[in-house]
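A quick note: this is a predicted structure, and the numbers were derived from the prediction, not measured. Labels below follow one simple rule: chain letters A, B, ... track the order of the sequence lines, proteins then strands, and each chain is numbered from 1.
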Number of protein chains: 2
Amino acid sequence: MKKITIGDAARQSGVKVPTIRYYESIGLLAAPSRSQGNQRSYEPADIRRLAFIRHARELGFEVGSIRTLLALQDDPDQSCASADAIAKARLIEVEQRIRSLMALKTELEIMVEGCGHGRVDQCRVIEVLADHGQCMHPHH
Amino acid sequence: MKKITIGDAARQSGVKVPTIRYYESIGLLAAPSRSQGNQRSYEPADIRRLAFIRHARELGFEVGSIRTLLALQDDPDQSCASADAIAKARLIEVEQRIRSLMALKTELEIMVEGCGHGRVDQCRVIEVLADHGQCMHPHH
DNA sequence: CTTGCACCTCTAGTCGCTAGAGCATGTAGG
DNA sequence: CCTACATGCTCTAGCGACTAGAGGTGCAAG
């Protein structure tokens, strides 16, 4: 059997070495076997699990949700209703975040366009920040 | 002179009480005068400053940037080039974040739509997470 | 005068890592 | 076989921007 070091695991999964150790410490990844010299030795399944975690993190899932998703993956007989619920909740979050960022973008554009590059006391950036009432697109 | 307590400052500015104390501790807000009983007593200018900070935080500016923006506001003779640069940088960040969230939204939608609500081993949510190659809209 | 809320300070916890110190191990070249 | 040097190990502390809690004091109403 090929022994995968933590460095190789990091390269193959795209998860950084200290992060892998961190995931082990919080119980997201099982502690792997060790070599004679006490070095972690991973299996291909661990790499897949790490890639799963990484992808889920990139999608913005929190560690708690990932824990549930991993538990579901480990037990394929279960209904995927939980996974679906988690993904749907995340989708709603993302949609809200997009809406709020769009409003924010508009507000920033107004600020930047309004800036005449003169003195601060005529600057729209400062002005808009100081007085929220000037926001054209309320986002909160 | 009317004395504004920290609680009233919180209500008027929309910044929570412990957060106001935190801002004082990191030097974002000057320490106000105190009453006989050692209670903080704010001026209307402090409330405006807090509202400024709150608004900037809502727009996603980091405390470091807010520090600069506040310094600019305090000295209105200065050129607003820095304020403009900060706002522009933030605008670019926001635009990138929106793009990445849109990609993410698409991916989540595919996951959720593909979920047949059956068993986990046929669930697209789990499947897509496990295999990044299935992303239709690569976002990273 | 007492009740009860608001205020005070201080410490520690949150989340998801990241950085650093100070060692041990593994590997490639000479 | 020896020496470099990369990589591994553990442990602690730090990041940002708060938030929570303990344990105490101030103050205003009934």
Quick check: does any side chain N or O of [X] sit under 3.5 Å from a backbone N or O of [Y], one acting as donor and the other as acceptor?
X: B:Arg48; Y: B:Phe52; result: no
X: B:Arg54; Y: B:Ser13; result: yes
X: A:Arg49; Y: A:Ile53; result: no

When the distance from [atom1] of [X] to [atom2] of [N] is rounded to whole Å, what number comes out?
X: A:Tyr22; N: D:dT12; atom1: OH; atom2: P; value: 17 Å
X: B:Phe61; N: D:dG16; atom1: CZ; atom2: P; value: 18 Å
X: B:Glu58; N: D:dA17; atom1: CD; atom2: C1'; value: 15 Å
X: B:Ile20; N: D:dC18; atom1: CD1; atom2: P; value: 12 Å
X: B:Arg54; N: D:dA17; atom1: CZ; atom2: P; value: 17 Å
X: B:Leu29; N: D:dA17; atom1: CG; atom2: C1'; value: 16 Å
X: B:Lys16; N: D:dC18; atom1: NZ; atom2: C1'; value: 8 Å

Roughly how far, to the nearest 0.5 Å, is CD1 of B:Ile6 from NZ of B:Lys16? 13.5 Å
Roughly how far, to the nearest 0.5 Å, is CD1 of A:Ile20 from OH of A:Tyr42? 5.5 Å
Using a cut-off of 6.0 Å, state whether more than 12 heavy atoms not belonging to A:Arg97 lie near its atom CZ. no
Report yes if a side-chain nitrogen or oxygen of A:Arg34 is closer than 4.0 Å to either non-bridging phosphate oxygen (OP1 or OP2) of D:dT10; otherwise report no. yes
Using a 4.0 Å heavy-atom cut-off, does A:Arg40 contact any base of the nucleic acid, only the sugar-phosphate backbone, or nothing at all? sugar-phosphate
When all nucleic acid strands are considered with a 4.0 Å heavy-atom cut-off, which category describes B:Arg21: base, sugar-phosphate, or nothing? base
For salt bridge (charged side-chain N to carboxylate O under 4.0 Å, His left out), just list the numbers for B:Arg90 and B:Glu93, CA-CA rounded to whole Å, side-chain angles, deciding distance to a tenth of an Å, and then say yes or no. CA-CA 5 Å; B:Arg90 180 72 195 135; B:Glu93 268 174 44; 2.6 Å; yes
Is any side-chain heavy atom of A:Ser41 closer than 4.5 Å to a side-chain heavy atom of A:Ser33?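 Answer yes - side chains close enough.
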Result for 5'-nearest mapping on DNA chain D, choosing between B:Pro18 and A:Asp8, is A:Asp8
Reading 5' to 3' through nucleotides 21-30 of chain D, protein heavy-atom contacts under 4.0 Å coded B for base, S for sugar-phosphate only, - for none: -----SS---
What do the steps show when you test B:Lys105 against B:Glu109 for salt bridge (charged side-chain N to carboxylate O under 4.0 Å, His left out), and what is the final call? CA-CA 6 Å; B:Lys105 177 173 177 287; B:Glu109 277 165 354; 2.9 Å; yes
What are the bounds, 5' to 3', of the part of DNA chain C that sits under 4.0 Å from heavy atoms of chain A?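 Nucleotide range with atoms under 4.0 Å of chain A: C:dG16 to C:dG26.
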